[in-house]
Amino acid sequence: MTPEELEAARDRTIEDVAAGGLRVLFCGINPGLLSAATGHHFARPGNRFWPVLHASGFTPRRLLPAEQRELLSYGLGITNVAARATARADELSAEEMVEGGRILDAKVRLLEPAWLAVAGITAYRVAFGEKDARIGPQERTIGRTRIWALPNPSGLNAHWTAAAMAEEFGRLRAAADGPDPATR
């Protein structure tokens, strides 16, 4: 894809991969330019979402971004906090993130996944006003949906190795495979 084609994808949105009653609705920060150009979430080759999803046991094999609709058969889905595509997440304003959090709250109330997994602790903190949130399960819920903050799988996130990320995603998978969170 040419730089011009990528730039033409700026500010586009992409369709959620979602349905009612999912085990886990994964939530990225916002689409990158390659994702917006292709219509596939986490499409950039350096993004570790798809390898980590498989390594953590959520999928039986590593899916390609173009196979994203297969997630639904595993009770998984993908959305974003902010809908607008940018080259980098830091191009989003705090206001966009807060508004995205409000939209996400409404979406989660409608779809009622067992878990909302926000991939990016800073995005979670800003979108939901939880400045002291840490990676892992959160006290906050949206209706009966529990929330888990995950590390951002972007290749730009040097604080987390793929192995450490897979371990954290695996903790979420174990929780999602456990008893219905609504009964806890």
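Predicted model, so just to flag it, every value in this text is computed and none were measured. Throughout, residue positions are numbered sequentially from 1 according to the sequence presented.
Cluster membership for Tyr74 and Trp115, using ILVMFWY side-chain heavy atoms within less than 4.5 angstrom, is shared. Leu104 and Leu111 fall within the same hydrophobic cluster, defined by Ile, Leu, Val, Met, Phe, Trp and Tyr side-chain heavy atoms under 4.5 Å apart, directly or through other members. Side-chain heavy atoms closer than 4.5 Å link hydrophobic residues (I, L, V, M, F, W, Y) into clusters, and following such links, even through other members, never connects Leu92 to Leu6. A continuous path of ILVMFWY side-chain contacts below 4.5 Å connects Val24 to Val52, so both sit in one hydrophobic cluster.
A pairwise comparison of heavy atoms in Ala9 and Ala36 identifies O-CB, 3.6 Å as the closest pair. A pairwise comparison of heavy atoms in Met97 and Ala82 identifies SD-CB, 4.2 Å as the closest pair. Taking every heavy atom of both residues into account, Ser56 and Ala166 meet most closely at CB-O, 3.4 Å.
Under the 4.5 Å side-chain criterion, counting only non-hydrogen atoms from C-beta, Leu150 is not in contact with Phe49. Looking at heavy atoms from C-beta onward, Val81 lies out of side-chain contact with Asn30 at the 4.5 angstrom threshold. For the pair Arg69/Val17, a side-chain contact is recorded, criterion being any heavy-atom separation below 4.5 Å from C-beta on. Counting only heavy atoms from C-beta outward, the side chains of Leu53 and Leu71 approach each other to under 4.5 Å. With a 4.5 Å cut-off on side-chain heavy atoms, Val108 and Pro113 count as touching. Side-chain contact between Pro151 and Asn157: present, with at least one pair of heavy atoms (C-beta onward) separated by less than 4.5 Å. Considering only heavy atoms from C-beta on, Asp177 comes within 4.5 Å of Arg23 through its side chain. You'll find the side chain of Leu76 stays beyond 4.5 Å of the side chain of Leu72, heavy atoms only.
Counting heavy-atom neighbours within 6.0 Å of Glu15 CD, excluding the residue itself, gives a total of 12 or less. Within 6.0 Å of atom CD in Glu167, 12 or fewer heavy atoms from other residues, nucleotides or ligands are found, so the atom counts as exposed in its surroundings.
Rounding to the nearest 0.5 Å places CD1 of Ile29 at 10.5 Å from CZ of Arg88. In this structure, Arg84 CZ and Ile14 CD1 are separated by 14.0 Å, a value rounded to the nearest 0.5 Å. Between the CZ atom in Arg44 and the OG atom in Ser154 there is a gap of 8.5 Å [rounded to 0.5 Å]. Taking CG from Asn47 and CG from Leu34, the interatomic distance works out to 10.0 Å, rounded to the nearest 0.5 Å. One distance of note links CG of Asp16 with CG of Asn80; it measures 7.0 Å at 0.5 Å rounding. Separation of atoms CE (Met1) and CD (Glu7) is listed at 13.0 Å; rounding is to 0.5 Å.
A salt bridge links Glu91 with Arg10: the distance from a Lys NZ or Arg NE/NH1/NH2 to an Asp or Glu carboxylate oxygen falls below 4.0 Å. Arg144 has no carboxylate O lying under 4.0 Å from a charged side-chain N of Glu112, or vice versa, which leaves the two without a salt bridge. A salt bridge links Glu99 and Arg102; the closest N-O separation between the charged side-chain nitrogens and carboxylate oxygens is under 4.0 Å.
Side-chain atoms of Ser73 and Glu70 form no donor-acceptor pair, as typed in the model, at a separation below 3.5 Å. Between the side chains of Glu168 and Trp148, at least one donor-acceptor pair of N or O atoms lies under 3.5 Å.
The salt bridge (Lys or Arg N to Asp or Glu O under 4.0 Å) test applied to Arg125 returns no partner, not counting sequence neighbours.
In this structure, Arg48 contributes its side chain and Trp160 its backbone to a donor-acceptor pair below 3.5 Å. In this structure a side-chain-to-backbone donor-acceptor pair under 3.5 Å is missing from Thr59 to Arg62.
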With side chain to side chain contact (heavy atoms under 4.5 Å, CB included) as the criterion, how do Gln138 and Glu130 come out once you've worked through the C-alpha distance, each side chain's angles and the decisive distance to 0.1 Å? CA-CA 10 Å; Gln138 305 301 305; Glu130 299 278 345; 5.5 Å; no
Report the C-alpha distance between Leu172 and Phe26 in whole Å, list the side-chain angles of each, state the deciding distance to 0.1 Å, and finish with yes or no for side chain to side chain contact (heavy atoms under 4.5 Å, CB included). CA-CA 11 Å; Leu172 168 59; Phe26 289 95; 4.0 Å; yes
Check against salt bridge (Lys or Arg N to Asp or Glu O under 4.0 Å), Glu139 and Arg146: CA-CA 8 Å; Glu139 290 296 319; Arg146 298 279 320 270; over 6 Å; no
May I have the step-by-step check of side chain to side chain contact (heavy atoms under 4.5 Å, CB included) for Ile78 and Cys27, ending in yes or no? CA-CA 6 Å; Ile78 306 175; Cys27 182; over 6 Å; no
Show, in sequence, the C-alpha distance, side-chain angles and deciding distance for Trp50 and His40, and conclude whether the side chain to side chain contact (heavy atoms under 4.5 Å, CB included) test is met. CA-CA 11 Å; Trp50 297 103; His40 303 135; over 6 Å; no
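Relative orientation of the Phe58 and Phe169 rings is perpendicular, given thresholds of 30° and 60° on the angle between their planes.
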